[in-house]
Amino acid sequence: MANPDADVPTIPSRPNAGTSVGKIVDIEHAVVADDPRQWSPARKNAILVTVSGAAIIVGLGANLYNPAIEQVESQLHASSGDISWSISLFILIQGCFPLVWSAISEIYGRKVVYIASFGFGIVGCVVAATAKSIGVLIGMRCVQAAGSSSVLAMGAATLADIYDPHIRGTMMGVFYSAPLLGPALGPIIGGALTQAFNWRATFWFIVIFTGLCFVAFIFFKDTFRRERSLTYQAVLKRRLKERALKETNSSGRSSISHETVVSAETKITKEDKLETSPSAGITHDSGALISEVFAKDLEGQTTLGSGDSTGVVTKELKEIRLSFRDVNPIGPVFLVLSRPNNVAILFASGLLFAFSYCLAYTCSRTLSIKYGYDALQIGLVLLAFGMGSMLGSILGGRWSDRVFTRLKAKNGGVSRPEMRLESTFVSMLFLPLSSLGFGWVAEKHVHVAAICVFLFFAGFFSIAMYASTLAYIVDANAGRSSPAVAANSSFRGISAFVATEVAVPLQLAIGDGGLYSLWAGLMIIAELLLLLVWWKGASWREEAERKEAQRASES
């Protein structure tokens with residue numbers, strides 16, 4: 001079992017400091033009750049299996065439907081434009097709706113979001129399975145997308161709750177391999193269901209699968225701890241200030257004195273900032289220290305960061321309840337997007353996902369039109385892409401952790417999230433070549449074995465890179481893992497929506513060779529963005545953290 005303190009940063013002890021910070025200085029390692037990081041490996045593995053299994057819904061929802069398109073067009077009298085909307089709106093909503101789930105999770109935790117979203121998904125699929133018009137089907141596909149959208153964002157945030165950064169890449173790779181079963185198995189299952197029954201059977205299949213996930217999450221133990229949320233810390237600081245001022249005005253004396261408020265900010269701005277250095281790789285979070293100072297002033301009760309092993313939170317802190325006004329998703333996402341390193345990595349992530357989605361979509365058309373394959377045969381060919389993607393996710397995640405651990409040891413035990421991106425260098429060499437290779441063998445109608453080979457490598461290298469970018473997004477946004485992953489999901493959804501809308505017109509205009517030559521160029525742009533973050537990301541991130549801490553101390 002890995003040492004649970006391996007990634008806990010420390011600061012020098014200081015006499016007469018007035019607070020007992022100990023070894024906890026960043027929000028990721030704030031002391032909490034029933035710390036998920038300290039749970040047994042068996043419990044963590046059970047959580048990993050549960051969220052990964054549920055994540056399969058993401059890929060199945062999009063890909064089971066594709067082999068049934070011809071029947072849908074015929075039975076519901078739908079146009080090709082209607083079908084295009086049913087596909088592109090699905091991926092757009094599936095990408096953007098996690099912003100809403102992320103906000104809800106800050107109030108109610110991860111478990112409530114999982115259960116509520118699966119309920120949405122079940123309703124959407126049931127109505128879609130009984131739809132009599134294409135308009136109802138499109139609308140219910142949107143509801144289905146909203147329901148299934150929580151799993152990727154909440155799943156990544158859940159893994160951030162229970163795993164430290166030194167193993168997070170591996171676990172993210174395992175987790176992300178699950179939704180990649182969709183492109184691999186979705187066309188096969190969808191084709192078999194459509195041929196054996198009809199297109200409605202694909203939705204009933206998802207109803208059954210989602211229902212099983214719904215039941216599984218009833219027994220799920222929530223991993224969210226509000227003390228490790230920057231949103232909660234900001235609200236905590238504001239509420240305690242408001243309470244202190246209200247009590248002072250009404251009675252002339254407050255259980256949380258104004259002096260305590262000033263004291264908390266003084267300790268942070270004048271003492272703690274001197275002891276933490278961005279260049280040392282330590283992320284300082286004023287909110288966690290504010291919580292500690294305030295809580296310690298509350299009649300000597302056991303508090304956060306006090307050294308108590310149970311991490312019991314005071315009664316006063318437990319009384320703080322967030323509202324939807326406190327967790328407006330725009331605010332946290334705006335803070336994520338205010339950092340240049342995040343913007344660059346999100347654009348790269350969006351391009352990588354759009355490439356994968358476009359490849360599976362256009363390859364299906366090519367195999368149908370040029371090779372005359374039916375739905376089941378197309379699914380078997382796309383299995384090569386799915387297997388490559390799964391192996392890329394699992395092995396890419398492990399390689400990411402290995403590189404991260406090696407560079408951390410080389411740097412004297414001090415780590416930075418940007419170290420992880422060095423693991424993408426190998427994939428950068430081969431991904432554009434894989435895109436070019438697929439495009440031109442498809443264009444020249446080469447034997448399908450060549451298509452399978454290039455599909456495998458395109459899937460492997462693109463997802464190996466994506467696994468590292470997803471782990472970086474979580475690592476670089478401590479305390480904001482949920483809105484950061486939700487922002488990433490939005491970039492993915494918008495990118496895939498655009499790619500879906502333009503893919504077929506471009507394929508018809510310039511062929512597969514031209515289309516995937518263009519994609520090779522876009523992959524080079526994505527790689528340049530990753531290199532830029534690897535080179536400049538640390539300085540951008542540390543400067544943004546310094547400004548955020550300064551604004552927090554002044555507010």
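Predicted model, so just to flag it, every value in this text is computed and none were measured.
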Next item on the list: Determine whether Asn341 and Lys536 make a side-chain contact, defined as any pair of heavy atoms from C-beta on separated by less than 4.5 Å.
Entry: no

Checklist line | Salt-bridge present (Arg168, Asp401; N to O < 4.0 Å) | finding: no

Check: What class does the angle between the rings of Phe205 and Phe209 fall in, given that below 30° is parallel, 30 to 60° is tilted and above 60° is perpendicular?
Finding: parallel

Notebook entry, point to check: Hey, mind stepping through Ser468 and Thr424 against side chain to side chain donor-acceptor pair (under 3.5 Å) and telling me if it holds?
Noted result: CA-CA 7 Å; Ser468 290; Thr424 64; over 6 Å; no

Notebook entry, point to check: With no hydrogens and no angle check, is any side-chain donor or acceptor of Lys111 less than 3.5 Å from a backbone partner on Lys221?
Noted result: no

Margin query: For a quick check under 3.5 Å, do Asn342 and Trp540 share a side-chain donor-acceptor pair by atom type?
Written below: no

Next item on the list: First locate atom CG of Leu470, then atom OH of Tyr466, and finally report the distance between them rounded to the nearest 0.5 Å.
Entry: 5.0 Å

Check: Do we get Arg141 above Phe90's six-membered ring, with its NZ or CZ under 6.0 Å from the centre and within 45° of the axis?
Finding: yes

Checklist line | Check: Arg420 side chain, Pro165 main-chain N or O, donor-acceptor pair, under 3.5 Å | finding: yes

Check: How many angstroms lie between atom OG1 of Thr210 and atom CD1 of Ile57, to the nearest 0.5 angstrom?
Finding: 4.0 Å

Margin query: If we count only N and O atoms by modelled type, under 3.5 Å, do the side chains of Tyr114 and Thr158 hold a donor and an acceptor together?
Written below: yes

Note to self: Please check this pair: side chain of Ser462 against backbone of Ala458, looking for a donor-acceptor N/O pair closer than 3.5 Å.
What the structure shows: yes

Check: Stepwise, does the side-chain contact (heavy atoms from CB on, under 4.5 Å) test hold for Ile162 with Leu159?
Finding: CA-CA 5 Å; Ile162 64 177; Leu159 298 188; 4.2 Å; yes

Check: Is any NZ, NE, NH1 or NH2 atom of the basic residue among Asp35 and Arg228 found under 4.0 Å from an Asp or Glu carboxylate oxygen of the other?
Finding: yes

Check: When you check the side-chain N and O atoms of Ser88 and Glu501, is any donor under 3.5 Å from an acceptor?
Finding: yes

Note to self: Using a 3.5 Å distance criterion without hydrogens, assess whether the side chain of Ser117 forms a donor-acceptor pair with backbone atoms of Val113.
What the structure shows: yes

Item checked: Matching residue for Ser102 among Ser150, Pro483, Ser489 - test: side chain to side chain contact (heavy atoms under 4.5 Å, CB included) -> Pro483

Next item on the list: Keeping the roles fixed (side chain from Arg339, backbone from Ala476), state whether a donor-acceptor pair exists under 3.5 Å.
Entry: yes

Note to self: Whether Asp161 and Arg110 form a salt bridge (side-chain N of Lys/Arg under 4.0 Å from carboxylate O of Asp/Glu) is what I want to check.
What the structure shows: yes

